[in-house]
Amino acid sequence: ALMHGVQGVRALSFHSIAKRFPAGTRPTELSAHHIRSMVPLLAVASTAWGLSAWLLTPPGQPLAQQAVLMVILFGMLAASLPAISQRRGAVLWWLGPLSLLLIARFALEGESQGWLLSVCTVLYSATLMRYGFVQNKLLKTTLRGQIERQALTNELMLRTRELQRLNRER
């Protein structure tokens with residue numbers, strides 16, 4: 001029932017986005033406001049994926065199943081990170097809820113294996129979050145460099161034209 005509720009919220013979110021951008025009128029680029037409006041969707045999706053650890057492996061299940069689930073979720077997190085690292089807040093809202101729910105799930109098991117999985121989740125999540133922030137900084141630096149290069153190219157073209165004009169006048 002919980003997963004159906006999450007899917008219902010997801011469907012309503014998609015419906016509201018479709019209303020804002022009717023077919024044929026979708027812009028080629030989204031404004032910062034519209035990109036920010038996607039962050040809550042990331043948080044909801046992250047929470048749903050974090051709850052999957054609770055739903056697919058209820059407490060008392062063998063820890064081997066939980067370790068396999070952890071590897072699958074970590075792979076999904078790592079693969080999706082480059083796509084969302086364009087916004088620093090998106091990285092936090094994507095990794096945060098999922099990581100916290102996984103940490104709580106493994107810590108609830110107790111025992112040495114449960115605590116080990118919980119510590120591994122903390123370390124991996126922190127590493128991924130740091131990677132996402134570095135990727136975000138790299139994207140910003142690269143874009144800033146491209147913009148500066150374009151401005152320098154435009155200035156060089158203007159000066160070259162001015163020099164050519166002065167040469168012709170002589």
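Worth knowing before you read on, the calculation uses all heavy atoms, side chains too, and leaves out hydrogens, waters and symmetry mates.
- Looking at Leu98 and Leu77, their side chains come closer than 4.5 Å, going by heavy atoms from C-beta outward.
- Here the closest non-hydrogen pair linking Leu51 and Leu101 is N-CD1, 3.9 Å.
- Across all their heavy atoms, Leu117 and Met70 have their closest contact at CD2-CE, 3.4 Å.
- Contact annotation: the side chain of Leu116 never approaches that of Phe106 to less than 4.5 Å [non-hydrogen atoms, C-beta and beyond].
- Closest approach of Leu81 to Tyr131, counting heavy atoms only: CD2-CD2, 3.3 Å.
- Within the 4.5 Å cutoff, no side-chain heavy atoms of Ile84 are placed close to those of Trp93.
- The existence of a salt bridge linking Glu162 and Arg159 is excluded, since no basic side-chain nitrogen approaches an acidic carboxylate oxygen closer than 4.0 Å.
- Hydrophobic clustering of Ile, Leu, Val, Met, Phe, Trp and Tyr side chains at less than 4.5 Å, counting indirect connections, unites Trp94 with Phe133.
- Here Arg144 does not pair with Glu148 in a salt bridge; the nearest charged N to carboxylate O distance is not below 4.0 Å.
- Counting heavy atoms of neighbouring residues, nucleotides and ligands inside a 6.0 Å radius, atom CD of Glu109 exceeds 12 of them.
- Counting only residues at least two apart or in different chains, salt bridge (charged side-chain N to carboxylate O under 4.0 Å, His left out) contacts with residues 120-141 are absent.
- Of all the heavy atoms in Pro97 and Leu92, the pair that sits closest is CD-O, 4.1 Å.
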